[in-house]
Amino acid sequence: MNEFAEKHILVVEDDAEISRLLTVFLKTEGFNVQVCQRGDQAPLAVRQASPDLLILDILLPGQDGLSVCQQVRSFYQGPILMLTACEDDVSELTAFRSGADDYVRKPIRPDVLLMRIQALLKRCATSTVQSEQYRCGPIEIIPGRREVLLNGEVVELQSGEFDLLELLARHQGQAVSRDRCYKSLRGIDYDGADRSLDMRISSLRKRLGDQAPQRFIKTVRGTGYMLANDETR
């Protein structure tokens, strides 16, 4: 039994056959599914449906998926999974910068799609109010409010960026392996080639003004990344 059965997924995909296959597969897994086939109609569909998760194709009629993603992020805080036919770092980085939490490349493998969906929903389910807060120099991380402050000012982070920073904060002063990051944030094992984690770290550093040589988010060669504490700064 799918632990996330009955969760509502909105699929924005203009290819009738792909949307049909996605609908059949997701309903078989116990999800409630709604389909929208136009990008210019997607923001209203998201606002009206308030889905637990949004699956959003990049190439859409009326308005492309990247623009839709940016637009809905002003009112929708749930996870967004992008569908892309591209296989280059630029498109993946653009998807993250637009507000996506993860992406799946076409042709879609059902088992991979399901793992990504479950990982995103699990992150939301475990994002309960916590009293613990973390501090690294001028950076304050408040999980309960999903908020990050830099010198007392709120920093606007994408959902996936916050999840990555929170993961590093929970293990502050310790190296978090790439494998652990991918497993925790994307529900997959690190394949040795995927650069999405590096791109997200780069984006996070820019938003936090984290510059060499005294970085708050440190690269641990051969392992992964670490959020520094007083002993490791």
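Below, each value reflects all heavy atoms present in this structure, side chains not excepted, and no hydrogens, waters or symmetry copies.
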Should Gln158 and Phe162 count as side-chain neighbours, where that means a heavy-atom distance under 4.5 Å?
-> no
Looking just at side-chain N and O atoms, do Ser159 and Arg146 make a donor-acceptor pair shorter than 3.5 Å?
-> yes
Rounded to the nearest 0.5 Å, what separation is found between the NE2 atom of His171 and the OG atom of Ser177?
-> 9.5 Å
Can you tell me if Glu161 and Ser203 form a side-chain donor-acceptor pair at under 3.5 Å?
-> yes
Looking only at atom types and distance, does a side-chain atom of Glu140 sit under 3.5 Å from a main-chain N or O of Leu150, one as donor and one as acceptor?
-> no
Would you kindly check if the NZ (Lys) or CZ (Arg) of Arg47 is within the cone defined by 45 degrees around the ring axis of Phe75 and under 6.0 Å from the six-membered ring centre?
-> yes
Non-hydrogen atoms of Asp101 and Gly78 that approach each other most closely = OD2-O, 3.9 Å
Which pairs, with at least one residue in residues 176-188 and sequence neighbours excluded, count as a salt bridge (charged side-chain N to carboxylate O under 4.0 Å, His left out)?
-> Asp102-Arg186, Arg178-Asp198, Lys183-Asp189, Arg186-Asp194
Does a donor on one side chain and an acceptor on the other come within less than 3.5 Å for Gln71 and Gln63?
-> yes
Side-chain contact test, heavy atoms from C-beta onward, threshold under 4.5 Å: evaluate it for Val46 versus Val68 and give yes or no.
-> no
Whether Arg38 side chain and Leu60 backbone form a donor-acceptor pair below 3.5 Å | no
Nearest heavy-atom neighbours spanning Ala228 and Cys136 = O-SG, 3.2 Å
Heavy-atom closest contact (Ile141 atom, Pro143 atom, distance) = O-CD, 3.3 Å
For Asp14 and Pro61, which heavy atoms make the closest approach, and how far apart are they?
-> CB-CD, 3.5 Å
Leu26 side, atom CG; Ser19 side, atom OG - distance, nearest 0.5 Å | 11.0 Å
Side chain proximity check, Val35 to Leu10, heavy atoms < 4.5 angstrom = no
Glu153, CD atom: more than 12 neighbouring heavy atoms under 6.0 Å | no
Kindly indicate whether the side chain of Leu56, heavy atoms from C-beta on, has any atom under 4.5 Å from the side chain of Leu83.
-> no
Nearest-0.5 Å distance that lies between atom CD1 in Ile58 and atom CG in Leu66 = 4.5 Å
Arg73 side-chain N/O to Gly99 backbone N/O, donor-acceptor pair under 3.5 Å | yes
Roughly how far, to the nearest 0.5 Å, is OH of Tyr225 from CZ of Arg200?
-> 12.5 Å
Hey, does Ile9 have a side-chain heavy atom less than 4.5 Å from the side chain of Asn32?
-> no
Do you know the tightest heavy-atom contact between Gly137 and Phe216?
-> CA-CE2, 4.3 Å
Evaluate the criterion side-chain contact (heavy atoms from CB on, under 4.5 Å) for residue pair Leu22 and Leu113; output intermediate values, then yes/no.
-> CA-CA 10 Å; Leu22 283 175; Leu113 178 65; 3.4 Å; yes
Under 3.5 Å, side chain of Asp57 to main-chain N/O of Val12, donor-acceptor pair present?
-> no
Taking the side chain as C-beta and beyond, is there a heavy-atom pair between Asn229 and Leu227 under 4.5 Å?
-> no
Are any side-chain N or O atoms of Arg205 and backbone N or O atoms of Asp210, one a donor and one an acceptor, separated by less than 3.5 Å?
-> no
Test side-chain contact (heavy atoms from CB on, under 4.5 Å) applied to Met199 and Ile201, step by step = CA-CA 5 Å; Met199 292 188 290; Ile201 286 287; over 6 Å; no
Might you work through the side-chain contact (heavy atoms from CB on, under 4.5 Å) test for Phe25 and Leu114, ending with a clear yes or no?
-> CA-CA 9 Å; Phe25 171 69; Leu114 182 60; 4.0 Å; yes
Side-chain donor/acceptor of Arg116 to backbone N/O of Tyr103, under 3.5 Å | yes
Looking at side-chain heavy atoms only, is the closest gap between Leu121 and Asp52 below 4.5 Å?
-> yes
Take Leu208 and Ile139 through the test side-chain contact (heavy atoms from CB on, under 4.5 Å) and record every step on the way to the result.
-> CA-CA 8 Å; Leu208 296 174; Ile139 302 170; 4.0 Å; yes
Measure the CG-CD1 distance between Leu21 and Ile108 for me, rounded to the nearest 0.5 Å.
-> 9.0 Å
Closest heavy-atom contact between Pro51 and Tyr76?
-> O-OH, 3.0 Å
Side chains of Tyr134 and Ile142: closer than 4.5 Å at any heavy-atom pair?
-> no
Nearest 0.5 Å, what's the CD-CZ distance between Glu13 and Arg20?
-> 13.0 Å
